Asks: 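Pasting a structure below so you can have a look.
Numbering of residues begins at 1 and proceeds along the displayed sequence. In this text the structure is predicted, and so the values were computed from the model without any measurement.
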Amino acid sequence: MFDRYFRVSERGSTIGREIRGGFATFFTMAYILVLNPIILGTAKDRHGELLDPVQLTTATALVAAVMTVVMGIGGNLPLALAAGLGLNAVVAFQIAPLMSWDDAMGLVVLEGLLICVLVVTGLREAVMHAIPQPLKQAISVGIGLFIAFIGFVDAGFVSRVPDAANTTVPVQLGGSGSLTGWPILVFCLGVLLTAGLLARKVKGAILVSIVAMTVVALVVNALADVETWGLTTPEWPDRIVDAPDFGLIGDFSLFGAFSAPEVGVVTVLLLIFTLILSDFFDTMGTVVGISAEAGLLDEDGKVPGLGRVLLIDGAAAVAGGAASASSATSYIESAAGVGEGARTGFANLVTGGLFALALFFTPLLTIVPLQAAAPALVAVGFLMMTQVKHIDWDRYEIAVPAFLTIAVMPFTYSITNGIGAGFLAHVVIQTVLGRAREVHWLLWGTSALFLVYFAIDPVEQLLGAH
């Protein structure tokens, strides 16, 4: 029954691969259960109010569980969803200081509803189909580099150089120019283990590496004097089960932001515009990248069932705002599950089920340190990078937009920025070559929006919203 509904055999997969993929995806994105409450829980709204971390953990796990399962059943892609990084930072540090938390989460719900409208009208799907195939391939490659960079940064293998260093080098090896500490050793061993297992084509290579290095981390933490592991310390918790707290569910005001004191309507509209643009193109890049890596794109480079996938993603944004967990979106870490062989939405049932268990077993399921999970991101980055061979680097009108797409994503830590740079370069180069009429009108429109996006500060000043 499962095989027929999810078309597991038809897509060249097995139930075993889907289960392994579901586990791998969960473990590579379980950090959101720790990170989202930290980002949202440490920011104060205009009235100085803080959100409760325990309630945030519950809301984060609940939204991830429900929407991941919905995507699996309705979209049949191995594409997990949870609170979006970057989007939660915008909510916490850009929106909440201007209004109450209820009003801020109301804007997130509005953003999700507007994205659903764009999907229903067919505009969101049309934009994705209007993108030239080389740019789609470049998006996938750029995401690969970006996700590998995330792995290196999360593990502490590279870190930002403090401004006091008075140097133009933005990142450095380790925390001080060299690799020090047991956690970094765990990460390096994890990368080598994952690479070796992949080279030998071991089934479940990524998941085996995550589990094995978590065990190693537990042993190291018990025997060695480790100053810090970062967000998650690998130690056996005092208690395995903890009761969820649903206190934040439904705490939002849909139009409260428009009547918030000292916040003009123009400012509110620009905030919604920023959320929509980031969510819109982050999801676009993620869906294309994951589908391409899974070999699910058709001969025209289109994603199967794209309309349903995008509608569910928009609904996830609504659910995230309604639960006060910030906008939920598709996760590029789903590539870890694809790397394990997942090709269908059945893997989402596993990932979503684990997030549901996390509601009650959060202390147990968050013992995986980033240093044990991050090697999976590096490995997946390599797998996605292999698509670079399909880009024609001898044709500059193709190569330059592709290069900018690939480079800007990791260098600015944003999928949206990379897509925007590629779009703008493509439109400009085609115009210079006298091929402006060959550019799809939707690419002209989205490129104009990206121009506003990149120049948002002067636009705000011109409109008196700065």
Side-chain angles (χ1 to χ4, degrees), residues 20-38 57 60-61 82 85 147-159 173-176 178-200 202-242 331 333 335-337 339-340 350-351 354-355 357-358 361-382:
R20 290 199 306 270
F23 270 91
T25 294
F26 173 77
F27 280 117
T28 54
M29 60 185 288
Y31 67 84
I32 196 62
L33 297 175
V34 177
L35 194 54
N36 198 46
I38 288 176
T57 301
T60 303
L85 284 176
I147 200 170
F149 191 39
I150 290 175
F152 285 122
V153 171
D154 285 352
F157 188 86
V158 297
S159 64
L173 186 65
S176 59
S178 61
L179 299 178
T180 57
W182 288 100
I184 297 297
L185 177 61
V186 170
F187 168 73
C188 292
L189 290 176
V191 171
L192 295 175
L193 175 62
T194 308
L197 293 174
L198 286 173
R200 288 190 63 87
V202 174
K203 292 182 178 179
I206 294 175
L207 181 58
V208 168
S209 173
I210 293 173
V211 174
M213 297 319 299
T214 298
V215 173
V216 171
L218 286 166
V219 174
V220 167
N221 191 64
L223 300 179
D225 182 18
V226 181
E227 182 177 345
T228 178
W229 288 86
L231 287 175
T232 307
T233 300
E235 56 186 4
W236 201 255
D238 295 330
R239 54 181 179 177
I240 295 176
V241 180
D242 200 2
Y331 257 58
E333 282 85 351
E340 280 296 337
V350 178
T351 304
L354 290 171
F355 271 115
L357 282 175
F361 294 91
T362 300
L364 178 64
L365 294 173
T366 55
I367 65 172
V368 180
L370 287 172
Q371 291 80 2
L377 302 183
V378 176
V380 168
F382 155 72

Asks: Sequence neighbours left out, what passes side chain to side chain donor-acceptor pair (under 3.5 Å) with Thr60? Give chain and number order.
Replies: Asn36
Asks: Sequence neighbours left out, what passes side chain to side chain donor-acceptor pair (under 3.5 Å) with Glu340? Give chain and number order.
Replies: none
Asks: Apply side chain to side chain contact (heavy atoms under 4.5 Å, CB included) to Leu189 and list each qualifying residue two or more places apart in sequence or on a separate chain.
Replies: Leu185, Met213
Asks: List the atom of Ala336, the atom of Thr25, and the distance in Å for their closest heavy-atom pair.
Replies: C-OG1, 4.3 Å
Asks: Specify the closest pair of heavy atoms between Ser209 and Leu193, including all atoms of both residues, with the distance to one decimal.
Replies: CA-CD2, 4.0 Å
Asks: Going by side chain to side chain contact (heavy atoms under 4.5 Å, CB included), name the residues that satisfy it together with Ala373, two or more places apart in sequence or in a different chain.
Replies: Val368
Asks: Could you tell me which residues satisfy side chain to side chain contact (heavy atoms under 4.5 Å, CB included) with Ser178, sequence neighbours excluded, listed by chain and number?
Replies: Ser176, Thr180
Asks: Could you report the tightest heavy-atom contact between Gly381 and Ala148, atom names first, then the distance?
Replies: CA-CB, 4.2 Å
Asks: Calculate, to the nearest 0.5 Å, the distance between atoms CG and CG belonging to Leu354 and Leu33 respectively.
Replies: 10.5 Å
Asks: Any chance you could measure Leu179, atom CG, to Leu173, atom CG, to the nearest 0.5 Å?
Replies: 4.0 Å
Asks: Measure the spacing between CD1 of Ile184 and CD of Gln371 and express it to the nearest 0.5 Å.
Replies: 6.5 Å
Asks: Show every salt bridge (charged side-chain N to carboxylate O under 4.0 Å, His left out) that has at least one partner inside residues 217-236, sequence neighbours left out.
Replies: none
Asks: With sequence neighbours excluded, what pairs up with Thr57 under the side chain to side chain donor-acceptor pair (under 3.5 Å) test?
Replies: none
Asks: Would you check if Pro369 and Val186 make a side-chain contact, meaning some heavy-atom pair closer than 4.5 Å?
Replies: no
Asks: Among all residues two or more places apart in sequence or in another chain, which pass the ring-ring contact (aromatic ring centres under 6.0 Å, His included) test with Tyr331?
Replies: none
Asks: Kindly indicate, with the supporting measurements, whether the criterion side-chain contact (heavy atoms from CB on, under 4.5 Å) is fulfilled by Trp182 and Leu223.
Replies: CA-CA 11 Å; Trp182 288 100; Leu223 300 179; over 6 Å; no
Asks: Backbone N or O of Ile206 within a donor-acceptor pair of the Thr194 side chain at under 3.5 Å?
Replies: no
Asks: Who passes ring-ring contact (aromatic ring centres under 6.0 Å, His included) against Phe152, sequence neighbours left out?
Replies: Phe157, Phe187
Asks: According to side chain to side chain contact (heavy atoms under 4.5 Å, CB included), who are the partners of Ala335, at least two apart in sequence or on a separate chain?
Replies: Ile290, Val380, Met384
Asks: Using the test salt bridge (Lys or Arg N to Asp or Glu O under 4.0 Å), find all partners of Arg239 that sit at least two apart in sequence or belong to another chain.
Replies: Asp242
Asks: Evaluate the side-chain proximity of Phe26 to Ile210: yes if any heavy-atom separation is below 4.5 Å, no if none is.
Replies: no
Asks: First locate atom CD1 of Ile367, then atom CD1 of Ile240, and finally report the distance between them rounded to the nearest 0.5 Å.
Replies: 9.5 Å
Asks: Looking at CD1 of Ile32 and CD of Glu333, how far apart are the two atoms once the value is rounded to the nearest 0.5 Å?
Replies: 8.5 Å
Asks: Only counting residues at least two apart or in another chain, list the ones meeting side chain to side chain donor-acceptor pair (under 3.5 Å) with Asn221.
Replies: Trp229
